[in-house]
Amino acid sequence: MPEHLPQSPHFPVCLQMLSLATQYTRCLDVLNDNTLGTPEATERILHLRTAIESLVEEAADVRAAHEQLPMSLIDHTDTTVRSRLAQLRVVTGAAVDALTRAVENFDAASFASIDARQTSVDAARELLATAAHDLFACAERIAADMHRYRSSYSIPEVGAHVSLTAEHHQVLRLVATGAVAVGEDGRVWVGLDKDSVSADVLLDLEQLGLITDEPSASWADEVRVASTPMGRLVLAATLSRPEPRKANNQPAHAAPSPLVRGARR
């Protein structure tokens with residue numbers, strides 16, 4: 001790629017989407033905590049509501065960044081990104097409202113009030129269950145446009161020194177959606193599926209500085225696997241490249257399915 005070409009305007013938008021997906025995953029992990037609907041959880045609910053309120057603003061920022069892309073560089077026949085980002089802001093605001101209901105006029109001595117709190121927390125969790133997955137899907141769409149105009153713009157060679165296999169790419173994508181966790185026994189979960197990802201691949205990505213473990217707020221015996229800032233930079237750059245393929249010429253990964261982890265056990 002000639003050095004004089006300007007950087008693709010799609011790249012920072014793609015990176016912003018991946019970073020926001022990580023934040024949604026963390027909030028969803030807290031929402032999956034089964035004790036969040038108890039009378040003692042008021043302060044935690046208020047703290048979480050504040051965190052999700054900030055996501056409303058950040059979702060609006062991502063949508064604005066997407067709308068500021070040059071009109072000539074967007075596939076106008078595809079309204080997926082615009083629609084999903086608009087929906088994301090709406091459902092995030094609805095999740096904030098649900099958590100507000102969970103703390104307003106709460107009476108710890110009333111079983112009806114406790115049930116209403118649990119219902120509100122469940123509603124917030126369901127509203128945000130697919131947020132990270134949707135943002136990743138948007139990032140893939142933006143990356144497709146970035147690749148389409150690669151002759152006119154440069155794409156940062158982030159992680160060019162890192163050799164990633166098709167399986168590495170697959171797992172890095174899964175991690176970006178918040179679907180990967182490691183149990184106390186060291187076995188890897190992807191949503192509700194156990195051992196569908198090799199622990200050795202996770203170790204490789206961790207040693208490369210692309211992923212990291214984060215304690216799970218909802219399962220004491222688990223850690224969530226999250227992408228690092230470098231991991232998101234590498235993913236934003238590599239999403240725009242032709243997809244690695246396996247020996248049978250099939251795509252190296254299937255689209256990860258959005259799953260609410262709290263329902264796994």
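Since this is a predicted model, take the numbers as computed values, not measurements.
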Can you give me the closest heavy-atom contact between [X] and [Y], atom names plus distance?
X    : Y    : result
S227 : R232 : O-NH1, 2.7 Å
D107 : S113 : N-OG, 2.9 Å
P156 : Q7   : CG-OE1, 3.5 Å
L55  : C27  : CD1-SG, 3.8 Å
P6   : S152 : CD-O, 3.9 Å
V180 : V190 : CG2-CG2, 4.3 Å

Sorted by first residue and then second, give each salt bridge (Lys or Arg N to Asp or Glu O under 4.0 Å) pair with at least one member in residues 53-64; sequence neighbours left out. R63-E67

Who passes side-chain hydrogen bond (donor to acceptor under 3.5 Å, both in side chains) against R49, sequence neighbours left out? T100

Can you find a pair of side-chain heavy atoms, one from [X] and one from [Y], that are under 4.5 Å apart?
X    : Y    : answer
L210 : H168 : no
L99  : L46  : no
L31  : I52  : yes
T228 : E206 : no
V81  : M17  : yes
D33  : R44  : yes
R26  : R224 : yes

Just wondering, are more than 12 heavy atoms of other shown residues or ligands nearer than 6.0 Å to CZ in R89? no

Under 6.0 Å from the CG atom of D185, do we count more than 12 heavy atoms belonging to anything else shown? yes

Just do the side-chain hydrogen bond (donor to acceptor under 3.5 Å, both in side chains) check on R117 and T42 with the steps written out, would you? CA-CA 10 Å; R117 166 171 285 189; T42 299; 2.9 Å; yes

Can a side-chain donor-acceptor contact be found between H47 and T50 if the only test is distance below 3.5 angstrom? no

